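Everything quoted here is computed from the prediction, not taken from an experiment.
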Amino acid sequence: MMRNILYTFLLAVIVLSSCNKALETDSTRVVGEKNMWNTVEDSRAGIMGVYALTRAALSDNNGHWIYGDVRTAEFVSPKRQDLKAVISNNLNASYPVIESLSDWTRFYAIINGANVFLENVAHVKANDKRYSDNNMTVDIAQARFLRAFAYFYMVRIWGDVPFVISSNEGVFENKPRESQAKVLAWVESEMLRASADLPYIYSDGDIQQPSNYYNEDRVRWGGALATKVTAYAVLAHVAAWNGDYSNVAKYAKFVEDNYGRSGGGYTSVTDLSNSNGFFYNKNTRQMFGFNSDYGHIDGSSTGHLEELTLAEPVITKSIPDIYLPKDSILKYFNLTKDERFSVDTLGQSRFERYFTNLNGKYPIFSKIKVIQGGGTDPNFRYFTSALIFTRLEDIVLLRAEALSVLGDQIGALNELNNVISRRRTAGEASPYTTTDDVLKVIFEERHRELMGEGQRWYDLIRFNKIRQNDAKFNALISSGGIYWPISRKLLSQNNLLTQNPYWR
């Protein structure tokens, strides 16, 4: 598949020649490292390669959505047995997709790519006078951030993971798993360190990145690279996973106070669901994501949410891989005059931005539907939607969650209403007051707003850790069943690894 070809190619191009044997068995050395780190073009290729590996890791086998949306058991799969296994939490089932998603190799490719970059970029500075101190500082900050992000992403999937922050000069070495508490403490520290050197915006006179970054303007980089606001947005997620809600509130407040400096902002409901809107290509409102540019022939029939969710009448595919049943749609989207999706008093769809074909056999989740270059021709199954990890609405709702946990229900409602007021028909007041279960309605709104963006599984874990009133889910948490099993292949290669107890 195209994604796998890209993945293999990038492994060769950026010379991931020293991956730990515990993490990756095959190592490809196409160009000697001593011949790579000589020019500013090499540094650009190196840092862009780490971004590309991150996108490939998240989209491979549609992992970002299977981890985050499919596992919740809210979507139904009509025909794919592997997805049915994920939905039923049968993650030991012998399906290629499940085995692939149990393998963390692609994430350690990101980490090793960043390690190799950090260990060699100074050679470019020594060899090419065009490579400025500022350029190197900003590049190093991005590499540090992406490496830390890869660890955070893995910890949410597997819990304890091996910890490697050196390419080790090609010496293969097995490593045991390190406690996620230690890894996450390092992640937070590393992201804060990176944030100090990241600019708010690239190629637009930012004091930390004043000139055209790699001789290209802000349009080229807007929404494509990690910024200072990006780092704090992800830090808010890290703190939430840790249950550190004081820092969630602090980091999210930084985002709210500074998103405009990165060209960010709220997204209208129309733009959120248009085929050429928010998820099309890249824009500065994509606080952290990975775009596919149709103009650069950057897309595919796989590795996008649309592969799982779309079918007739949106595209010429008879049965979607996953769909949300009508009863579930009406249960979750229960706000009147919700312009994402709602029905009138007769049960007919009033707004259909999130769902199409409500009364058909398979209601189609059509919030994200970037076909080709944002077109609507149903005969094409070539998708170019951006994979978004976080955006402003996500962070505002995350701060609402934090304030509610900390006891500030009025502040939490204000944050919640910042999002809800933009999703209901103009003039409609918020339906919520402090007499409501504020935390519950915040998570319900996160469910509606962020559906299809890979957040739901982790939201369910956080909510149940806070509330402790769902015996079945909390048993899953306490037994480690919220994590994925470690690939059988990895266990056979490294005798220092141990399987997650729930999956033994």
Side-chain angles (χ1 to χ4, degrees), residues 54-55 57-75 86 149 152-153 156-157 223 230 233-234 236-237 240-241 252 255 259 264-275 277-283 285-292 303-310 320-324 328-329 332-333 338 340-341 353-355 364-370 383-401 419-420 422-423 442-463:
T54 307
R55 186 182 78 169
L58 269 59
S59 61
D60 186 53
N61 283 295
N62 297 306
H64 181 67
W65 302 282
I66 293 177
Y67 293 137
D69 293 302
V70 176
R71 197 181 176 192
T72 64
E74 294 166 343
F75 283 91
V86 174
F149 173 74
F152 171 55
Y153 203 98
R156 296 195 306 172
I157 299 168
T230 300
V234 178
H237 273 281
W241 189 252
V255 174
Y259 67 82
Y266 290 93
T267 300
S268 72
V269 65
T270 302
D271 198 44
L272 191 64
S273 56
N274 274 357
S275 61
F278 175 78
F279 290 95
Y280 170 72
N281 203 344
K282 62 181 182 294
N283 59 74
R285 287 172 292 118
Q286 296 171 354
M287 195 166 286
F288 183 44
F290 302 89
N291 69 286
S292 293
H304 296 267
L305 178 67
E306 294 95 325
E307 178 190 1
L308 300 177
T309 56
L310 296 188
D321 289 358
I322 59 171
Y323 73 97
L324 202 62
S328 296
I329 295 170
Y332 303 146
F333 289 81
D338 185 335
R340 292 167 296 198
F341 182 85
R353 292 187 173 94
Y354 268 36
F355 297 94
I364 303 303
F365 179 60
S366 54
K367 168 188 171 185
I368 302 172
K369 48 184 179 298
V370 185
F383 308 120
T384 56
S385 58
L387 186 160
I388 304 301
F389 180 81
T390 188
R391 53 186 170 92
L392 181 58
E393 290 82 358
D394 168 37
I395 299 304
V396 171
L397 291 171
L398 205 58
R399 187 162 191 266
E401 174 187 334
V419 176
I420 285 185
R422 291 173 166 83
R423 299 299 177 245
I442 288 168
F443 274 93
E444 288 174 350
E445 178 56 21
R446 284 187 63 83
H447 190 191
R448 288 186 291 262
E449 176 66 16
L450 301 171
M451 184 173 284
E453 298 182 41
Q455 298 278 6
R456 180 61 174 165
W457 177 248
Y458 312 106
D459 283 3
L460 285 173
I461 294 169
R462 293 200 315 279
F463 181 75

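With contacts defined as side-chain heavy-atom distances shorter than 4.5 Å, the pair Asn62/Leu305 does not qualify.
With 3.5 Å as the limit, one finds no donor-acceptor pair spanning the side chains of Thr267 and Asp271.
When ring centroids are compared, Phe365 and Phe355 come within the 6.0 Å threshold.
Within the 3.5 Å criterion, the main-chain N or O of Leu387 finds no donor-acceptor partner in the side chain of His304. Between the side chain of Lys367 and the main chain of Met451, a donor-acceptor pair closer than 3.5 Å is present. A donor-acceptor pair under 3.5 Å is absent between the side-chain atoms of Tyr280 and the main chain of Thr384, judged by distance alone.
Every residue two or more places apart in sequence or in another chain that forms a side-chain contact (heavy atoms from CB on, under 4.5 Å) with Tyr259 is listed here: Tyr266, Met287, Leu392. Among residues two or more places apart in sequence or in another chain, the salt bridge (Lys or Arg N to Asp or Glu O under 4.0 Å) test is passed with Arg462 by Glu401, Asp459. Every residue meeting the ring-ring contact (aromatic ring centres under 6.0 Å, His included) condition with Tyr332, not counting sequence neighbours, appears here in chain and number order: His447. When the side chain to side chain donor-acceptor pair (under 3.5 Å) test is applied to Ser366, the partners found at least two apart in sequence or on another chain are Thr356. Every residue meeting the side-chain contact (heavy atoms from CB on, under 4.5 Å) condition with Asn283, not counting sequence neighbours, appears here in chain and number order: Phe278, Arg285, Gln286. For Asn274, the side-chain contact (heavy atoms from CB on, under 4.5 Å) partners are Thr270, Asn276, not counting sequence neighbours. Applying the ring-ring contact (aromatic ring centres under 6.0 Å, His included) test to Phe152 and every residue at least two apart in sequence or in another chain returns nothing. Judged as a salt bridge (Lys or Arg N to Asp or Glu O under 4.0 Å), and not counting sequence neighbours, the contacts of Glu393 are Arg391, Arg423. Every residue two or more places apart in sequence or in another chain that forms a side-chain contact (heavy atoms from CB on, under 4.5 Å) with Phe463 is listed here: Leu439, Phe443, Arg467. Legend: residues meeting ring-ring contact (aromatic ring centres under 6.0 Å, His included) with Tyr67, ordered by chain and number and at least two apart, are Trp484. For Glu74, the salt bridge (Lys or Arg N to Asp or Glu O under 4.0 Å) partners at least two apart in sequence or on another chain are Arg456. Checked against salt bridge (Lys or Arg N to Asp or Glu O under 4.0 Å), Arg71 has no partners two or more places apart in sequence or in another chain.
When each of Phe389, Phe288, Tyr458 is paired with His237, the ring-ring contact (aromatic ring centres under 6.0 Å, His included) condition holds for Phe389 and for no other.
Between Ile368 and Leu310, the closest heavy-atom pair is O-CD2, 4.1 Å. The shortest non-hydrogen separation linking Ala252 to Arg399 is CB-CB, 3.6 Å.
A salt bridge is defined here as a Lys NZ or Arg NE, NH1 or NH2 lying under 4.0 Å from an Asp or Glu carboxylate O, and Glu445 with Arg340 meets this definition.
For the atom pair OH (Tyr323) and CD1 (Ile329), the distance works out to 10.0 Å, reported to the nearest 0.5 Å.
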